[in-house]
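In what follows, a single structure is set out as structure tokens and then discussed.
All ligand and atom numbering here is 1-based and tracks the order in the structure. Nothing here was measured: the structure is a model prediction, and the numbers come from that model.
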Amino acid sequence: MSEGLGRAPDGEESTVTTTSLQLPGGTWALGDLTVTRFGYGAMQLAGPWVMGPPADHNGAIAVLREAVEQGITHIDTSASYGPRFTNDVIREALHPYADGVTVVTKIGGTRDAEGGWPTARTPDDLRRQVQDNLDSLGLDALDVVNLRLGDAEGPVEESIAESFEAMAELQQEGLIRHLGLSNSTRAQIREARAITPIVSVQNMYNLAVRHDDALIDELAADGIAYVPFFPLGGFTPLQSGALTSVSERLGTTPMSVALSWLLQRSPNILLIPGTKSVTHLRENIAGAGIALSATDLAELDRIGA
Ligand SMILES: NC(=O)c1ccc[n+]([C@@H]2O[C@H](COP(=O)([O-])OP(=O)(O)OC[C@H]3O[C@@H](n4cnc5c(N)ncnc54)[C@H](OP(=O)(O)O)[C@@H]3O)[C@@H](O)[C@H]2O)c1
């Protein structure tokens, strides 16, 4: 077991240490940062519908610490979760962050009193949200920041030049190490890359939602990570006869099959499954490395058809 030392501006060492335990999928480089392909999505640690504090504060702390102790080095979040409550609990559980732990956040939207997700993508909005993430996570610079586009229905075709140029400026100022896009179209990815390089695209994709199939392969060819959000189906986890039948045949859980399928789908896919449960986290890590046969894959293809 190797221990990671904390990285904090004041030189404090982390009390939560990473291990060299092999996680399914190995690692991937986000620019100069190496992350485990098996990551953790923190969104649902906030209260119901991602508003308010965690329902089980100690449980949220425990699951975050377990993730890092299991060797996970990729945590996905946003100051808009809660808002701020998810970042606050990440900071409480993990700060100072163990060496090698990468916290990926996103900006481009805010929250209203009803729990809606209004767009906020002017240069001033983005600067404010970067500061909000820095403050709540307790960092001097953010590792990776995705610009969240589109709306709740999905990506929306529109120019992102003004917003992405503002992100590039924040990066040049040293507040952000690497940039990415979320909920984006192919044209927006092209537009962003003409401004400055990106390391990741975070769009919705899972066994049942596969409209980014061609995009994933294109990004893989260019060494850009594809990070599916809602890898397990989101608020209503995936359910299907084919998933149940394949998982029963393999003697595992449907969630393990869904995650194994993603890892096997393309080497540039990084997982950020969410869970509030240490038991589910352990189950997902243990089960995500199953080799799916051609027969399994053909049966699972019925879900996305
Ligand atoms: N960019 C964007 O616009 C965007 C949008 C949405 C989400 N995201 C990111 O994507 C991440 C993942 O999304 P998500 O957490 O909403 O959805 P998800 O990972 O697809 O699914 C999470 C759900 O699956 C359940 N689950 C996990 N493991 C399980 C298991 N072994 N057995 C049974 N149920 C299990 C969880 O319940 P338990 O808690 O009971 O385990 C939770 O309800 C988020 O954390 C966020 O960082 C990004």
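Under 4.0 Å from ligand 1, not a single heavy atom of Ser256 appears. Using a 4.0 Å cut-off between heavy atoms, Pro231 contacts ligand 1 through both its backbone and its side chain. If you look at Asn183 next to ligand 1, there are no close heavy atoms at all, none under 4.0 Å. When non-hydrogen atoms are compared, ligand 1 lies under 4.0 Å from the side chain of Tyr81 (C-beta onward) but not from its backbone. Both the backbone and the side chain of Met43 come within 4.0 Å of ligand 1, judged by heavy-atom distances. Heavy atoms of Lys276 found under 4.0 angstrom from ligand 1 belong to the backbone as well as the side chain. When non-hydrogen atoms are compared, ligand 1 lies under 4.0 Å from the side chain of Lys106 (C-beta onward) but not from its backbone.
Nearest to atom 28 (N) of ligand 1 by heavy atom, out of Thr275, Val201, Asn284, is Asn284. For the residues Gly234, Ser80, Ala152, the heavy atom positioned nearest atom 18 (P) of ligand 1 is part of Gly234. Counting heavy atoms only, His280 comes closest to atom 32 (N) of ligand 1 of the residues Arg148, Met204, Gln44, His280. Across the listed options Leu232, Thr236, Leu147, Leu232 owns the non-hydrogen atom lying nearest to atom 20 (O) of ligand 1.
Judged by distance alone, the side chains of Asp76 and Gln202 do bring a donor and an acceptor atom under 3.5 Å apart. Using a 3.5 Å distance cut-off with no hydrogens or angles, the side chains of Thr119 and Asp151 do not pair a donor with an acceptor. Tyr226 and Asp212 are linked by a side-chain donor-acceptor pair at a separation below 3.5 angstrom, with hydrogens and angles left out of the test. Asp125 and Gln129 are not linked by any side-chain donor-acceptor pair at a separation below 3.5 angstrom, with hydrogens and angles left out of the test.
Panel note: side chain Asn268, backbone Ile224; a donor-acceptor pair is recorded below 3.5 Å. The backbone N or O of Arg177 sits less than 3.5 Å from a side-chain atom of Gln171, completing a donor-acceptor pair. No side-chain donor-acceptor contact under 3.5 Å links Asn87 to the backbone of Ile90.
Contact atoms of ligand 1 toward Ser182: 1 (N), 2 (C), 3 (O) (distance under 4.0 Å to a heavy atom of the residue).
Using a non-hydrogen distance threshold of 4.0 Å, Thr253 does not register as a contact of ligand 1.
Ring centroids of Trp261 and Tyr205 are separated by less than 6.0 Å, placing the two rings close together.
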